[in-house]
Amino acid sequence: MKVLYITGSCLTRNTSANMSHNAFVQGLLENGCDVEILMSSDSWGAEDKGLPRWEQAHYHSFSSASFPDRILQKLRGSMPAAEAVAAPREMSSDLTAQRHGLGEWVKAVFKKLFHVCFPRDPLYPLDKAWLKRASAFQSDTKYDLVISNSSPAASHRLVLELKEKKRIRFDRWIQVWEDPWYHDLYGGHSELVEREEHKLLQAASEVVYVSPLTLMYQKRYYPDCAEKMRCIPLPALRLGSEGASKSPGTDPVFGYFGDYYSHTRDLKPFYEALVASGYRGSIVGDSDLHLPGTDRICASPRVTLDKLQAIQENTDILVHLSNLKGGQIPGKIYHYSVTDKPILFILDGTEEEQNELRRFFEPLDRYCFCANESISIQSALSSIVRENRNNQPVASFLPEQVVKKLL
């Protein structure tokens, strides 16, 4: 089967989305597909050598950096050097402050003028340049399948443009939405986005979501596209050893790995429960909250995959925290599920959302569930340490099985 896999991100960048993007590629290759990848050569996130580059796949890369972006990047690069020049010792602090104030004013005026001269695209503000360049892609290959994977949503838009320009031919087009667009948890989108999302959904042969909750909501929001929508698990990318299976012991280490911005998910109850229990823990991820480390708890910002892997291997029990609302599922739960470690599954969201999550995950007999309340979590911490639970990897979440279901 000849497959063209399209994503507007760079697959070597350290984001949770790119772990699953690479897992989809792995699953396609494991199912014997002839894979071409059309992607961005630069996107958000730090370069991470822990992410694979598939030798069996053929890559087509296009830059997403626009002309204005390049100007701003050069200006940002020059700013620190200019500001690093030390003021003469005889210069008064008042004069230094005046010059600093003038510099900030100049930068503010320039920024305003810059955005007037180079207005952002209301639909694809970060992907306009990539769409323009990548829409020049052309292939004589007749693809059996095109898979576009978001985020970003520009991945889906590119297929539509290439199809309309007759630059690619294919029999089947699957849109994989790891997150919805207009109804994304981060919100703040316009009616233009909603109309564009609807247009993209209507154009696809099939639409796939990776959360049963997202599927439930999207069917309600776009009923005319409901029949072509379905849900599959997110394929889990396994990088190296996940650690040998063993009992948590009497002094286990709990690990939460992922961002925890307060408007997305509430990590405070887990942190408070961990402190009160006296268990050891690792918390790794970016946030607007400050959770102080203790002699028993280590807290740090996001790290590269190789560093995270080392931390995770020394963790006895993995912690998954559900989102506050919206139906999206943090992708970490799928990656955790293919390890042989116990998993604490903290439920959050509306009652309907929590019930749907349990209905989807509980039959796997792989998780210890609790509510996102400190008392409930403390009880679950003790329970998961005492009980001898089934910690076998969930084979149906591995790339080969997920993509087989997708195909």
Side-chain angles (χ1 to χ4, degrees), residues 1-13 17-43 51-65 124 127-178 196-197 199-210 225 228-230 232 234-235 237 398-407:
M1 178 181 287
K2 294 184 181 297
V3 179
L4 179 62
Y5 179 86
I6 297 179
T7 178
S9 64
C10 176
L11 295 182
T12 60
R13 300 288 176 162
N18 278 332
M19 289 185 67
S20 59
H21 292 349
N22 276 289
F24 273 112
V25 175
Q26 177 180 329
L28 288 167
L29 294 171
E30 290 174 340
N31 277 276
C33 297
D34 182 1
V35 181
E36 292 183 49
I37 299 171
L38 179 51
M39 70 176 197
S40 171
S41 60
D42 40 38
S43 61
L51 287 166
R53 184 172 179 90
W54 306 101
E55 293 181 2
Q56 309 98 307
H58 184 71
Y59 289 78
H60 307 276
S61 300
F62 295 88
S63 174
S64 61
Y124 304 100
D127 306 294
K128 183 178 180 181
W130 179 74
L131 278 171
K132 182 178 180 180
R133 295 187 181 106
S135 63
F137 173 80
Q138 187 163 358
S139 176
D140 294 329
T141 301
K142 172 70 178 298
Y143 298 103
D144 300 294
L145 173 64
V146 171
I147 299 176
S148 53
N149 197 343
S150 60
S151 59
S155 310
H156 307 309
R157 178 68 197 187
L158 179 61
V159 180
L160 187 58
E161 292 190 10
L162 291 173
K163 178 185 176 183
E164 290 175 346
K165 294 177 181 178
K166 295 182 170 52
R167 291 186 174 274
I168 59 173
R169 294 176 299 139
F170 54 86
D171 292 329
R172 182 180 172 201
W173 173 17
I174 298 178
Q175 292 179 5
V176 178
W177 292 80
E178 293 177 5
E196 179 75 358
E197 182 177 11
K199 180 180 179 180
L200 294 174
L201 295 174
Q202 289 175 320
S205 308
E206 301 166 49
V207 178
V208 170
Y209 297 103
V210 299
C225 300
K228 67 173 73 175
M229 294 178 177
R230 59 188 172 113
I232 64 169
L234 199 65
L237 186 68
L398 291 172
E400 183 179 7
Q401 296 302 317
V402 171
V403 172
K404 184 179 292 185
K405 186 175 182 181
L406 177 72
L407 297 177

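Here the side chains of L28 and M1 are not in contact, with every heavy-atom distance at 4.5 Å or above. Under the 4.5 Å side-chain criterion, counting only non-hydrogen atoms from C-beta, C33 is not in contact with L145. Inter-residue side-chain proximity for K228 and L201 is flagged as unmet; no heavy-atom pair is nearer than 4.5 Å. Looking at heavy atoms from C-beta onward, L237 lies out of side-chain contact with N18 at the 4.5 angstrom threshold.
A donor-acceptor pair under 3.5 Å is absent between the side-chain atoms of S9 and the main chain of L11, judged by distance alone. The main-chain N or O of S64 is never found under 3.5 Å from a side-chain atom of D127 such that the two would form a donor-acceptor pair. At least one donor-acceptor pair closer than 3.5 Å links the side chain of Q175 to the backbone N or O of L200. In this structure a side-chain-to-backbone donor-acceptor pair under 3.5 Å is missing from T7 to M39. Between the side chain of W130 and the main chain of S41, no donor-acceptor pair closer than 3.5 Å is present.
Across all their heavy atoms, Y143 and V3 have their closest contact at CD2-C, 4.1 Å. Closest heavy-atom contact between S150 and W177: OG-CE3, 3.5 Å. When all heavy atoms of S148 and V159 are compared, the pair lying nearest together is CB-CG2, 3.7 Å.
Residues passing the side chain to side chain donor-acceptor pair (under 3.5 Å) test with E197, sequence neighbours excluded: Q218, Y222. For K2, the salt bridge (charged side-chain N to carboxylate O under 4.0 Å, His left out) partners at least two apart in sequence or on another chain are D34. For the salt bridge (charged side-chain N to carboxylate O under 4.0 Å, His left out) test, no residue two or more places apart in sequence or in another chain qualifies with K166. Taking the side-chain contact (heavy atoms from CB on, under 4.5 Å) definition, one finds that K165 meets it with S135, E161, R167, sequence neighbours left out. D144 meets the salt bridge (charged side-chain N to carboxylate O under 4.0 Å, His left out) test with no other residue; sequence neighbours excluded. A search for side-chain contact (heavy atoms from CB on, under 4.5 Å) contacts involving N149 returns Y5, H21, F24, V176, E178, not counting sequence neighbours. Scored by the side-chain contact (heavy atoms from CB on, under 4.5 Å) test, A203 finds L160, W173 as partners (sequence neighbours excluded).
Note on residues 199-208: pairs passing side chain to side chain donor-acceptor pair (under 3.5 Å), not counting sequence neighbours, are R172-E206, H198-Q202, Q202-D224, E206-R230.
With values rounded to the nearest 0.5 angstrom, Q138 atom CD is found 10.5 Å from R169 atom CZ. Residue L4 holds its CG atom at 8.0 Å from CG of L162, rounded to the nearest 0.5 Å. Taken to the nearest 0.5 Å, the OG atom of S40 stands 13.0 Å off from the CD1 atom of I6. How far CG of L51 is from CE of M19: 7.0 Å, rounded to the nearest 0.5 Å. One distance of note links NZ of K132 with CG of L158; it measures 14.5 Å at 0.5 Å rounding.
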Validation: residues 399-407 side-chain donor-acceptor distances under 3.5 Å, sequence neighbours left out:
none

Side-chain donor-acceptor distances from residues 53-61 under 3.5 Å, at least two apart:
unit_1	atom_1	unit_2	atom_2	d
W54	NE1	N22	OD1	3.2
Y59	OH	W54	N	2.8
H60	NE2	E36	OE1	2.8

